[in-house]
Student: 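Before anything else, here's the structure in question.
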Amino acid sequence: MLISIVAPCYNEEAVIELFHHHVQQVAEDLLPLGHDMEFVYVDDGSRDGTLAALKRLADRDARVRYVSFSRNFGKEAALLAGLRHAAGDSVVVMDSDLQHPPELITRMVELHGQGHDQVIARRTRNGDPITRTLTARLYYRLVNRLVDVELMDGVGDFRLLSRRVVDAVLALTEYNRFSKGLFAWVGFPSTTFEYENAVREHGRSSWSLRGLLNYALDGLLSFNNRPLRAALYLGMALLSCAGLYTAWIVGAALVTGVETPGYVTIITAITAFAGAQMTMLGVIGEYTGRIYYEVKRRPHFLVKATNVELTKDLIS
Ligand code: UDP
Ligand code: MG
């Protein structure tokens with residue numbers, strides 16, 4: 001059994017050596033159990049010495065494969081590249097910043113041996129700021145109402161995938177990739193276990209508030225057209241309200257004669273309807289934008305340097 005470790009690295013010069021040291025340790029533990037390991041590191045266009053560090057690792061350890069992008073294409077693209085270049089019978093996807101504890105790999109392999117195609121590590125939110133915990137909880141409640149696949153709070157990309165899951169994920173060629181959702185969409189027997197989240201020791205998280213917000217929207221919009229339907233329902237509800245209100249005004253005018261109040265009513269109606277229309281246009285625009293990106297069929301990433309000979313096409 002060959003196990004591939006796939007880890008995207010963006011400006012991880014400070015930790016990559018340490019990370020490799022840890023996973024190497026795990027590889028040593030797993031060797032007596034009949035598991036070989038390879039390491040697929042994807043340098044996502046880092047600006048620091050990450051690529052040089054990866055090359056050094058590859059010189060020292062023949063099991064190290066690296067793929068380096070021509071620029072920063074984002075973690076999703078890096079994950080995709082890692083999965084494409086991984087040759088293992090199973091693949092462990094994890095961050096290279098040591099926030100995903102490498103010693104859990106042994107546990108994952110064990111659970112995989114019990115017949116689970118996906119072994120998912122779910123982090124507890126202990127130690128997170130309370131605001132982040134609450135927003136996350138709220139978000140997942142909303143998302144799970146709207147999307148078809150089930151997304152779990154605390155579940156990220158740290159997981160073991162069997163070969164058939166990897167092949168299934170690779171067969172999904174969409175440009176806008178929301179891996180969490182794609183993994184859930186693929187299905188197959190899965191199991192989840194909990195772990196304590198580690199604090200980032202070096203470097204810093206590349207997520208900004210805006211990035212998180214965009215990621216949240218991606219999750220909402222990537223999986224179905226329910227937001228469009230919601231816009232339709234909202235429109236119909238507003239229309240019914242307007243109809244009822246008109247009937248009431250006309251009725252009142254017939255009974256008591258015409259009055260001329262209603263400055264507030266008019267302003268409220270104008271702004272409310274304009275707001276609703278803009279929101280709906282925004283939703284439609286989001287989908288149109290996605291279609292625009294999909295039809296261009298651009299490659300997900302471009303490779304600048306690698307030590308992997310790939311049987312599948314080298315770019316995209
Ligand atoms: N990462 C990447 N490309 C990016 C941003 C991040 O490959 O554009 C990698 C990064 O090196 C790390 C993982 O994705 O291994 C998670 O990133 P980060 O730690 O910044 O996110 P967080 O842990 O805060 O979710
Ligand atoms: Mg991190």
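What you see is a predicted model, and the numbers here were worked out from it, not measured in a lab. Order of appearance sets the numbers: ligands from 1, and atoms from 1 within every ligand.
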Student: May I ask you to list the atoms of ligand 1 that are less than 4.0 angstrom from any heavy atom of E12?
Tutor: 10 (C), 11 (O), 12 (C), 15 (O)
Student: Quick one: look at D95 and ligand 1, take heavy-atom pairs under 4.0 Å, and tell me if it's side chain, backbone, both or neither.
Tutor: both
Student: Is there any side-chain hydrogen bond (donor to acceptor under 3.5 Å, both in side chains) pair reaching into residues 275-293, and which pairs are they, with sequence neighbours excluded?
Tutor: D218-R290, E286-R290, Y292-K296
Student: Considering only heavy atoms of N72, which atoms of ligand 1 have at least one such atom less than 4.0 Å away?
Tutor: 3 (N), 4 (C), 8 (O)
Student: Does the shortest distance from the Mg ion (ligand 2) to an N/O/S atom of D97 fall below 2.8 Å?
Tutor: yes
Student: Side chain, backbone, both or neither: which applies to C9 and ligand 1 if a contact is any heavy-atom pair less than 4.0 Å apart?
Tutor: backbone
Student: What atoms in ligand 1 come closer than 4.0 Å to a heavy atom of G74?
Tutor: 3 (N), 8 (O)
Student: Under the ring pair (Phe, Tyr, Trp, His ring centres under 6.0 Å) rule, what pairs show up with a residue in residues 149-173, not counting sequence neighbours?
Tutor: H100-F158, F158-Y195
Student: Okay, side chain of S70, backbone of K304: is any donor-acceptor separation there less than 3.5 Å?
Tutor: no
Student: For P8 and ligand 1, does the shortest N/O to N/O distance drop below 3.5 Å?
Tutor: yes
Student: Answer yes or no: is there a donor N or O on one side and an acceptor on the other, between the side chain of D48 and the main chain of E13, under 3.5 Å?
Tutor: yes
Student: Is the NZ or CZ atom of R159 positioned over F183's six-membered ring, under 6.0 angstrom from the centre and within 45° of the axis?
Tutor: no
Student: Taking the six-membered ring of Y139 as reference, does the cationic atom of R141 (NZ for Lys, CZ for Arg) lie under 6.0 Å from its centre and within 45° of its axis?
Tutor: no
